[in-house]
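In what follows, a structure is listed as structure tokens, so that the remarks can point back to it.
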Amino acid sequence: MNKPTATEKVFQGIGVSPGVAHGKIFVYSVAEEAVPQYDINDEDVPKELNRFEQALIKTRAQLHELQRRIETGTGASVLTNIVEVHLALTEDPVLIDQVGKLLSEEKKNVDFIFHKVAQRYVQTLSTLDDEFFRERAVDVQDVCRRILRNLLGHEHRELSSLPPDTIVIAYDLAPTDTTALDRTHVLGFATDVGSHTSHTAIMARSMNLPAVVGLRDISQKVHDGQPAILDGYSGTVIVDPSPQTLFVYGQLEVKRHNVRERLAQLRDLPAETLDHHRVTLAGNIELPEDVPALKQVGAEGIGLFRTEFLYLKRPDFPSEDEQYETYAKVVREMAPHAVIIRTLDLGGDKFHSEESKVPEINPFLGFRGIRFCLGRPDIFETQLRAILRASAHGNVMVMYPMISHVGEVIQANEILEQVKASLRQKQIPFDENIQVGAMIEVPSAALTAEMIAQEVDFFSIGSNDLIQYTMAVDRVNEKVANLYEPTNPAILRLIRNTVESAHNNNIWVGVCGEMAGDPLFAPLLVGMGVDELSMGASNLPRVKEVIRRMTYQEAQELAAASLHATNGRDVLGMLQALLERVDPDLLI
Ligand code: PEP
Ligand code: MG
């Protein structure tokens with residue numbers, strides 16, 4: 001890229017979802033709301049109270065507007081329950097009376113007092129024994145942030161309704177934020193924190209939107225309305241681009257557009273190598289809204305439906321019927337292709353409001369995935385019943401996340417059998433031959449894959465977590481992103497062991513982590529014998545292209561050579577050389 005001019009500013013981060021967006025900046029969140037603190041006089045008290053009252057009125061008006069948009073179908077329906085609770089909280093006497101009392105006692109500005117009261121309130125609720133009150137803590141925190149912004153005169157940021165051609169810049173985007181994102185107007189997003197496999201990145205790829213993460217402090221250095229180019233290929237965000245930069249990007253965009261058009265022709269062609277070895281290319285989704293983009297690129301099924309997104313941003317758990325409707329919709333839309341529904345993988349960096357009350361010190365090593373499911377059989381059984389009922393409408397498979405030993409699979413299967421028996425008894429239809437799979441994403445599972453293979457019909461390698469747990473690298477921490485190495489000899493050995501164990505036991509094996517959707521790594525996985533690759537919609541055409549332009553034999557040779565390499569860099573070099581040879585356009 002050309003040098004920045006005096007006015008344009010270039011921010012370098014990690015490009016995590018391909019594409020270029022050219023639009024106007026919308027700053028969603030900065031690292032912390034800074035709350036000023038100053039003394040006031042007795043006569044200022046009524047004035048400060050009035051400011052507080054005005055902030056509450058404004059907050060209620062915003063929430064009513066949000067409610068109206070949900071009712072008219074222009075707002076994200078996932079927020080329905082939340083808005084109700086938030087509205088009630090703006091009338092909460094505990095909160096309001098306490099602010100008045102403390103204001104008179106301490107004589108400080110009302111923003112400061114309110115912040116203090118709100119923090120105390122959240123703290124008290126989170127430590128109560130009663131589950132209902134603990135659930136309220138997250139809502140109180142959310143609504144208090146909104147009130148505080150109104151007090152401080154900061155405009156409230158609503159991700160569910162954005163101006164056209166928006167590039168969202170944020171300190172971070174929680175899974176709940178991205179769920180509510182207005183998909184019609186957002187062109188791309190960029191965050192201060194995050195890495196290639198953080199959920200912001202994953203979500204961006206599913207939504208087919210360019211994204212850059214790990215930009216460190218961009219959210220504090222830009223402001224609303226500034227024109228910007230977000231380059232999801234190179235990981236740059238250029239703010240106030242010069243005419244020269246716009247020209248260079250214009251040309252590059254023409255080239256990339258031509259490549260996209262060329263790859264779009266592959267939509268209905270098989271992912272088959274030149275010597276006729278075929279693999280299945282499926283898609284990853286977080287929400288039913290992700291399905292059309294996958295159909296558009298010709299995905300042969302859903303290789304990973306991350307169901308935990310149905311559980312976020314709400315105080316309760318989704319009912320069996322609600323889940324059934326959601327799953328059945330996806331299954332019908334994808335028929336006759338398979339839909340692999342992963343049972344909920346809460347924990348790590350995705351929490352239901354109940355769990356986030358008592359934070360764990362090491363959430364990625366904690367009560368996550370199948371551990372949560374087995375610890376909360378009530379929630380697990382409800383989900384299994386919904387999945388089984390949906391299996392009557394097409395080809396459904398069920399998959400368990402975060403398996404660390406075979407015992408967990410056996411226990412989960414027992415629960416599945418009990419749920420099947422109860423459905424049979426009630427004569428509720430489901431697929432008696434539903435396939436069951438285990439995610440292999442913990443090193444202990446990869447090492448004991450031979451044992452696990454005997455209990456399931458397929459494996460799906462979750463490379464995102466497998467790399468995190470094997471290399472001891474937090475997948476969402478940009479400071480250690482350089483250690484996150486998919487080609488490391490340790491990772492390749494674990495993948496090889498998993499594939500061999502699957503095939504020795506006559507079951508198939510897929511990869512649904514981000515490695516599968518990278519045209520650089522896909523040939524290596526194919527060469528190792530992986531049967532299915534599942535990825536976000538934006539990557540599928542590029543992966544199909546590389547598979548169709550290589551031979552299975554060279555992929556196998558590449559895999560064998562990679563397994564002899566003593567470091568990940570050499571493997572990367574071999575993979576880059578292959579891509580350069582088969583289609584260098586995939587590297588621009
Ligand atoms: C993985 O770990 O590779 C995976 C696909 O699961 P998730 O990213 O949802 O943890
Ligand atoms: Mg995982």
Side-chain angles (χ1 to χ4, degrees), residues 16-17 174-176 178-179 194-207 211 213 281-287 290 301-312 339-352 363-373 397-404 408 437-446 458-477 481 484-486 488 491 494-495 498-499 509-518 521-522 525 530 532-537 539-540 543:
V16 292
S17 184
T176 45
T178 32
T179 313
S195 69
H196 202 75
T197 53
S198 51
H199 282 93
T200 309
I202 290 170
M203 198 83 174
R205 287 189 287 268
S206 294
M207 292 165 79
V213 301
L281 294 192
N284 295 351
I285 63 167
E286 276 78 51
L287 292 168
D290 300 329
I302 304 290
L304 169 64
F305 184 169
R306 289 185 167 95
T307 56
E308 51 279 5
F309 286 85
L310 304 173
Y311 292 75
L312 306 174
V339 176
I340 301 180
I341 304 180
R342 177 174 76 179
T343 59
L344 76 164
D345 185 12
L346 288 175
D349 64 347
K350 291 169 290 190
F351 294 98
H352 182 261
F364 274 114
L365 302 182
F367 197 46
R368 185 187 167 193
I370 196 71
R371 303 167 185 185
F372 177 87
C373 293
M397 303 183 192
V398 61
M399 172 161 87
Y400 309 131
M402 267 291 281
I403 292 295
S404 44
E408 288 168 334
M439 283 200 74
I440 304 294
E441 49 184 347
V442 179
S444 57
F458 67 93
F459 282 158
S460 188
I461 299 174
S463 52
N464 307 340
D465 280 315
L466 188 62
I467 300 168
Q468 148 164 279
Y469 294 128
T470 307
M471 308 294 297
V473 178
D474 182 346
R475 63 189 263 187
V476 296
N477 185 342
Y484 195 91
E485 193 180 44
N488 187 278
I491 306 299
L494 291 175
I495 295 178
T498 306
V499 175
V509 54
V511 178
C512 63
E514 299 310 308
M515 258 181 108
D518 194 322
F521 303 129
L525 297 172
V530 167
E532 174 177 296
L533 300 172
S534 190
M535 64 206 76
N539 285 333
L540 199 142
V543 170

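Counting convention: from 1, in listed order, for ligands and their atoms alike.
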Approximate separation, where rounding is to 0.5 Å, of Ile370 CD1 and Arg368 CZ: 12.0 Å

Residue Gly462 vicinity, atoms of ligand 1 by number, heavy atom under 4.0 Å: 1 (C), 2 (O), 3 (O)

Shortest non-hydrogen contact from Pro443 toward Leu466: N-CD1, 3.9 Å

Closest non-hydrogen atom pair between Leu344 and Phe372, with its separation: CD1-CE2, 4.0 Å

Close approach, Arg475 and ligand 1, non-hydrogen under 4.0 angstrom: yes

Nitrogen or oxygen atoms of Glu308 and ligand 1 under 3.5 Å apart: no

Spacing of Thr470 atom OG1 and Leu494 atom CG [to the nearest 0.5 Å]: 5.0 Å

Any Met515 heavy atom less than 4.0 Å to ligand 1: no

Over all atoms of both residues, closest heavy-atom pair of Gly303 and Met399: O-CE, 4.0 Å

Point-to-point distance, once rounded to the nearest 0.5 Å, from OH of Tyr484 to CE of Met471: 10.5 Å

Atom 9 (O) of ligand 1 - nearest protein heavy atom and its distance: Arg306 NE, 2.7 Å

Close approach, Arg368 and ligand 1, non-hydrogen under 4.0 angstrom: yes

Nitrogen or oxygen atoms of Glu441 and ligand 1 under 3.5 Å apart: yes

Minimum heavy-atom distance between Ser534 and Asn284, given as atom pair plus value: OG-OD1, 2.6 Å

Distance (rounded to the nearest 0.5 Å) between Met402 CE and Phe364 CZ: 9.5 Å

Number of protein N, O or S atoms [distance to the Mg ion (ligand 2) under 2.8 Å]: 2

Numbering as shown, the atoms of ligand 1 that approach Leu304 to under 4.0 Å (heavy-atom distance): 5 (C)

Ligand 1 versus Met439: contacting region, heavy-atom distance under 4.0 Å: side chain

Inter-residue atom distance Phe305.CZ - Leu287.CG, 0.5 Å rounding: 7.0 Å

For the student: nearest non-hydrogen atoms of Ala481 and Ser195, plus distance: CB-CB, 4.4 Å

SB check Arg475 Asp465 (cutoff 4.0 Å): yes

Per-atom contacts, ligand 1 versus Cys512 - under 4.0 Å to a heavy atom: 5 (C)

Minimum-distance protein heavy atom relative to atom 6 (O) of ligand 1: Arg342 NH1, 3.0 Å

Met402 touching ligand 1 at heavy-atom level, < 4.0 angstrom: no

CZ-CG distance between Arg205 and Asp518, expressed to the nearest 0.5 angstrom: 8.5 Å

